[in-house]
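Chain A is the first sequence line, chain B the second, and so forth, proteins listed ahead of strands; every chain is numbered from 1.
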Number of protein chains: 2
Amino acid sequence: MAEREAERSVSQTVRAQLALRELIVSGGLRPGERISELQAVEVTGVSRTPVRMALVRLEEEGLLEAIPSGGFMVKAFSERDILDSIELRGTLEGLAARFAAERGVSSRDLEPLKQCLDEIDGLVRREPISMEAFSSYVALNARFHVLLAELSRSPPLIRQIDRASALPFASPSGFVMAQSALPEARQILLIGQDHHRVVVDAIENREGARAEAIMREHARLAARNLRLALRNRTHLDLLPAMALISAG
Amino acid sequence: MAEREAERSVSQTVRAQLALRELIVSGGLRPGERISELQAVEVTGVSRTPVRMALVRLEEEGLLEAIPSGGFMVKAFSERDILDSIELRGTLEGLAARFAAERGVSSRDLEPLKQCLDEIDGLVRREPISMEAFSSYVALNARFHVLLAELSRSPPLIRQIDRASALPFASPSGFVMAQSALPEARQILLIGQDHHRVVVDAIENREGARAEAIMREHARLAARNLRLALRNRTHLDLLPAMALISAG
DNA sequence: ATCGGAGATAATGTATACACAGAGTATTCT
DNA sequence: AGAATACTCTGTGTATACATTATCTCCGAT
């Protein structure tokens with residue numbers, strides 16, 4: 001009931017957007033599949049007007065693609081698109097790290113980042129890593145990335161990073177990941193954690209170029225891991241693979 | 001009349017979007033000023049529904065900002081925001097140049113770029129440069145940047161560059177520029193032309209790192225020039241200054 | 001005189017009705 | 001029987017009417 005109250009406080013448009021995004025990311029609609037407004041109305045329970053607004057926003061977000069003759073379809077990403085997007089995000093985050101280092105952040109600003117990393121350490125050090133721990137990790141990792149972006153103190157850059165992270169494989173959807181993938185996921189987590197510590201250190205010491213280089217290398221490594229994962233498994237369940245790489 | 005026919009072929013939403021963007025970029029509305037739907041309806045001549053769609057798209061584009069209590073306002077950019085955006089665009093274009101060099105483009109792919117640069121040469125070599133020549137230059141320069149982005153063959157990156165270029169100071173709004181600024185604008189044009197030639201050369205020779213570095217340096221120089229221009233003139237007419245830098 | 005509250009007004013958010021375009025199917029003609 | 005055309009039906013694009021919320025003003029009380 002309280003939940004219902006909370007839902008009522010946000011606009012129908014936002015509710016529709018969240019519901020539709022959830023539907024798309026969870027794989028309820030296949031890439032390339034058309035999403036009709038009527039269908040969206042049934043799913044979300046709101047009228048066509050807010051649904052249309054939500055669809056436009058999801059298109060701008062990159063999850064949907066406008067069909068020339070009208071309407072929208074779920075955007076399909078090639079493997080190359082995904083790998084490029086990861087490198088793209090890494091490049092932007094590298095710029096953010098450089099900005100943070102060059103603009104001179106106080107050690108007080110870095111405190112939240114370090115705390116975030118410590119919390120992650122508490123999760124990934126123990127073995128084997130549980131499904132719940134992995135979920136927590138994904139959330140914490142996302143928080144770290146947000147904090148790093150904000151450290152740049154550059155609204156345009158933060159905005160662009162947000163957009164680059166809006167794609168499914170950059171969203172905290174780790175819960176889709178298969179149990180069997182957990183062990184190797186943990187390896188990636190540990191390496192990523194190391195990278196993050198180096199970045200914080202570089203920023204603290206005002207080494208802009210080094211901070212930037214690390215973030216870019218970090219993304220390239222993540223892309224490489226994803227490519228390997230895609231080679232080993234079938235191409236079928238791309239979404240879990242995307243969730244996996246979101247840990248990077 | 002034929003124009004009227006052509007207008008009728010595109011949707012009301014697109015027409016509204018174009019009209020409103022023109023209004024904002026031309027300075028018809030001051031930054032921070034609220035834009036009411038009623039006002040937008042009067043300006044565009046279409047109904048509220050397509051107007052709302054256009055407003056949402058312009059928000060995603062970065063020209064408008066949503067007001068928490070409802071509605072939209074023209075987004076205000078600080079000087080730092082603008083400088084950061086230029087460097088951001090340079091970083092993305094640098095990545096595009098590197099992709100182009102590393103993925104191996106044929107010299108046939110580079111032909112349109114070279115032709116574009118030759119056309120620009122024909123415009124800027126003669127002195128003094130006229131207002132018409134400058135307008136032509138801005139259009140050609142925009143084409144060069146689009147061609148370079150496409151050379152990366154990376155849809156996600158192209159998309160992101162498009163968005164980074166959607167802001168006013170990256171749009172071909174050079175016609176606003178004052179006559180008096182033309183001479184120094186020409187200097188920037190010539191330097192930019194040199195940079196572009198180097199980039200094409202680097203891509204042709206598969207030197208990814210060099211191609212990327214040049215584009216980033218190019219953007220940094222453009223940012224520096226803008227900063228100087230803002231110091232010399234008053235802060236008042238930022239739009240002409242933004243037009244000036246769009247030449248970079 | 002100033003602050004607070006209540007009411008009115010205007011603007012946004014939402015819903016629905018209508019118009020038009022496109023696709024699919026059925027029927028008719030060759 | 002096959003193909004072409006016409007008709008229907010589904011779905012998007014647009015307009016407008018309604019509801020809700022926020023802001024501004026005015027009046028009253030302290």
Whole-Å gap separating [atom2] ([N]) and [atom1] ([X]):
X: Leu38(A); N: dG13(D); atom1: CG; atom2: P; answer: 14 Å
X: Glu37(B); N: dT12(C); atom1: CD; atom2: P; answer: 5 Å
X: Met73(B); N: dA11(C); atom1: CE; atom2: C1'; answer: 17 Å
X: Ile67(A); N: dA23(C); atom1: CD1; atom2: P; answer: 11 Å
X: Leu55(A); N: dT12(D); atom1: CG; atom2: C1'; answer: 11 Å
X: Met53(A); N: dG13(D); atom1: CE; atom2: C1'; answer: 15 Å

Self-check item: Any donor-acceptor N or O pair under 3.5 Å, side chains Asp81(A), Ser78(A)
Solution: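 Looking only at side-chain atoms, Ser78(A) and Asp81(A) do form a donor-acceptor pair, the distance falling under 3.5 Å.
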
Below 4.0 angstrom, N of the basic side chain to O of the carboxylate: do [X] and [Y] qualify?
X: Lys75(A); Y: Glu59(A); value: no
X: Arg34(B); Y: Glu65(B); value: no
X: Arg89(A); Y: Glu93(A); value: yes

Practice problem: Report, as a single string ordered 5' to 3', how protein heavy atoms within less than 4.0 Å touch nucleotides 14-21 of chain D: B base, S sugar-phosphate only, - not at all. | Solution: BBBB----

Self-check item: Exam field: side chain Gln160(A) to backbone Gln160(B), donor-acceptor pair closer than 3.5 Å
Solution: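 Yes; at least one donor-acceptor contact below 3.5 Å.
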
Quiz item: Yes or no on salt bridge (Lys or Arg N to Asp or Glu O under 4.0 Å) for Asp84(B) and Arg103(A), after CA distance, side-chain angles and deciding distance?
Solution: CA-CA 12 Å; Asp84(B) 282 359; Arg103(A) 321 268 232 231; 2.5 Å; yes

